[in-house]
Q: 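Mind having a look at this structure? Questions to follow.
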Amino acid sequence: MEQIKEININDIWQNNINFLIGSGASFGLFPTLATKMKSETIETLGKYFEDTKKTNLKTLLFMHYYINCIHPVITFDIQYTKFGSECDVPDDVAKMKIIENYKKLLKNLKLVASKNKSQNKVNIFTTNYDACFADAYEELILDFSDLDFNLNDGSKGFRRKFIDACNFDTSLIKKGIFGKNSFEIPQVNIIHLHGSAFWTLSDGKILVNYEDKKCKFPENFFVPITDKITKLGEILNNTESVREDFDRIVFDANFTEIILV
């Protein structure tokens, strides 16, 4: 497969622009589906456990995934990280560099969208659950008070915002002081193909709340099975591990009771 290191805006601005963004974009900020096992990911193992009807292992795997991948996404606080970066905390400096990359991408896409007068839009399809685009966009608003650019996540509302596919067909129009002139504001549509860590189901609708930083499980939910989650993690992080190693994890009736709560 040919790798493209540089895209000339003049070559693409007249076309419908669509990007697919995967977990690599947030690498270093959040964990990915990768493991240290040879040719194995959380995804391939989940499929294996499902096909072989190893239900308890599949459940344990996704508990591990929530703790190590989803929970860090939910609890990420850009203001706290930004402050740490300003204080030269190495980990926070590295994390803010990733947010800066998202900001650069959005600024470039704003330029592309503004050149395409036929629709003024660019679509981003992402398999990520995180809110990096939302965080980066709000940082751009803080950097540029006159930012004529809109990030549309498909939501609509005030105190509560709900996702609806039809909202991606909307645009913002800006008018001059006396209303004689108007223009469509450049826009990027962000479509979460696998959903978002900040989505919940409310009255049959998808509610999005980027301020919801709470754990999705009851307090101390994982405590009784910490040993099993730890053992699973040790297997996943061992380059010599094979699938059969997971069979050494012993499940009892207590585990079944926990997952049925």
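Throughout, residue positions are numbered sequentially from 1 according to the sequence presented. Note that these values count all heavy atoms, side chains included, but never hydrogens, waters or copies made by symmetry. Bear in mind that the values here come from a model prediction, so they are computed numbers and not experimental data.
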Q: State, with a plain yes or no, whether a side-chain heavy atom of L193 is found less than 4.5 Å away from one of L20.
A: yes
Q: Determine, step by step, whether T81 and M96 satisfy the side chain to side chain contact (heavy atoms under 4.5 Å, CB included) criterion, reporting the C-alpha distance in whole Å, the side-chain angles of both residues, the deciding distance to 0.1 Å, and the verdict.
A: CA-CA 7 Å; T81 305; M96 285 307 299; 4.1 Å; yes
Q: If you look at every heavy atom in K175 and S182, which pair is closest and at what distance?
A: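 For K175 and S182, the tightest heavy-atom pair comes out as CG-CB, 3.7 Å.
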Q: Is the shortest side-chain N to carboxylate O distance from D227 to K231 below 4.0 Å?
A: no
Q: Treating Ile, Leu, Val, Met, Phe, Trp and Tyr as nodes and any side-chain heavy-atom pair under 4.5 angstrom as an edge, say whether I141 and V122 lie in one connected cluster.
A: yes
Q: Should K95 and S85 count as side-chain neighbours, where that means a heavy-atom distance under 4.5 Å?
A: no
Q: Looking at K213 and D77, does any basic side-chain N land under 4.0 Å from a carboxylate oxygen?
A: no
Q: Charged N to carboxylate O under 4.0 angstrom, E184 versus K121?
A: no
Q: Begin with the C-alpha distance, continue with both residues' side-chain angles, and end with the deciding distance and a verdict on side chain to side chain contact (heavy atoms under 4.5 Å, CB included) for I163 and H192.
A: CA-CA 11 Å; I163 302 288; H192 289 274; over 6 Å; no
Q: Just wondering, more than 12 heavy atoms not from F125 lying within 6.0 Å of its CZ?
A: yes
Q: Quick one: do K103 and E100 make a salt bridge, cutoff under 4.0 Å?
A: yes
Q: With rounding to the nearest 0.5 angstrom, report the CG to CG distance, L142 to L147.
A: 10.5 Å
Q: Under 6.0 Å from the CZ atom of F83, do we count more than 12 heavy atoms belonging to anything else shown?
A: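 Check fails, neighbour count at 12 or below.
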Q: In the structure I gave you, are the side-chain heavy atoms of F144 and D146 within less than 4.5 Å of one another anywhere?
A: yes
Q: Name the one of I206, V208, N209, D164 that satisfies side-chain contact (heavy atoms from CB on, under 4.5 Å) with S155?
A: V208
Q: Test ring pair (Phe, Tyr, Trp, His ring centres under 6.0 Å) on F49 and F246 and set out the steps.
A: CA-CA 10 Å; F49 293 149; F246 293 104; 5.3 Å; yes
Q: Give me the one residue out of N167, N189, N123, D169 that meets side-chain hydrogen bond (donor to acceptor under 3.5 Å, both in side chains) with N152.
A: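 Answer to the side-chain hydrogen bond (donor to acceptor under 3.5 Å, both in side chains) test with N152 among N167, N189, N123, D169: N189.
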Q: Hey, what do you get for CG (N238) to OG1 (T35), rounding to the nearest 0.5 Å?
A: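 Answer rounded to 0.5 Å: 10.0 Å.
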Q: Using the ring of each side chain (for Trp, its six-membered ring), is Y66 parallel, tilted or perpendicular to F217, with breaks at 30° and 60°?
A: perpendicular
Q: S171 versus I185: any side-chain heavy-atom pair under 4.5 Å?
A: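 The answer is no, as the side chains (C-beta and beyond) never meet within the 4.5 Å cut-off.
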Q: How close do K36 and N237 get, heavy atom to heavy atom, and via which atoms?
A: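 Looking at all heavy atoms of both residues, the closest pair is CD-O, 3.4 Å.
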Q: Counting C-beta onward and ignoring hydrogens, is there a side-chain heavy-atom pair between D135 and Y210 closer than 4.5 Å?
A: no
Q: Kindly give the heavy-atom pair with the smallest separation between A131 and F198, and that separation in Å.
A: CB-CE1, 3.5 Å
Q: Heavy atoms only: give me the nearest Y129-S196 pair and the separation to one decimal.
A: O-OG, 3.5 Å
Q: Within the structure provided, determine whether K115 and V112 are in side-chain contact (heavy-atom separation under 4.5 Å).
A: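 When only atoms from C-beta onward are counted, V112 and K115 do not touch, as no gap falls below 4.5 Å.
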Q: Say you draw a straight line from NZ of K54 to CG of D247; how long is it, rounded to the nearest 0.5 Å?
A: 3.5 Å
Q: Quick check on the hydrophobic clustering: are F162 and I191 connected, directly or via other members, by side-chain heavy-atom contacts under 4.5 Å?
A: no
Q: May I ask whether I235 and F251 are part of the same hydrophobic cluster, defined by side-chain heavy atoms of I, L, V, M, F, W, Y residues being less than 4.5 angstrom apart, directly or through others?
A: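 They do share one cluster, since a chain of ILVMFWY contacts under 4.5 Å joins I235 to F251.
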Q: Which pair of heavy atoms, one from V188 and one from I124, lies closest together, and at what distance?
A: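 Answer, listing the atom of V188 first, then I124: CG1-CD1, 3.7 Å.
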Q: Go through the steps to decide whether L61 and L236 satisfy the test side chain to side chain contact (heavy atoms under 4.5 Å, CB included), and finish with yes or no.
A: CA-CA 10 Å; L61 178 70; L236 294 174; 4.3 Å; yes
Q: Once you measure the plane-to-plane angle for Y137 and F149, does it fall in the parallel (<30°), tilted (30-60°) or perpendicular (>60°) bin?
A: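 Perpendicular, since the angle between the ring planes exceeds 60°.
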Q: Can T59 and M63 be said to form a side chain to side chain contact (heavy atoms under 4.5 Å, CB included), step by step?
A: CA-CA 6 Å; T59 300; M63 286 179 172; 3.9 Å; yes
Q: Please determine which of N101, T32, T126, D130 meets the side-chain hydrogen bond (donor to acceptor under 3.5 Å, both in side chains) test together with S26.
A: D130
Q: Work out which heavy atom in K161 is nearest to a heavy atom in L207; give both atom names and the distance.
A: O-CD1, 3.3 Å
Q: Indicate yes or no for a side-chain donor-acceptor contact from S202 to the backbone of K205 under 3.5 Å, with no hydrogens or angles considered.
A: no
Q: Taking L29 as the starting point, is it possible to reach I21 by hopping between hydrophobic residues whose side chains are less than 4.5 Å apart?
A: yes
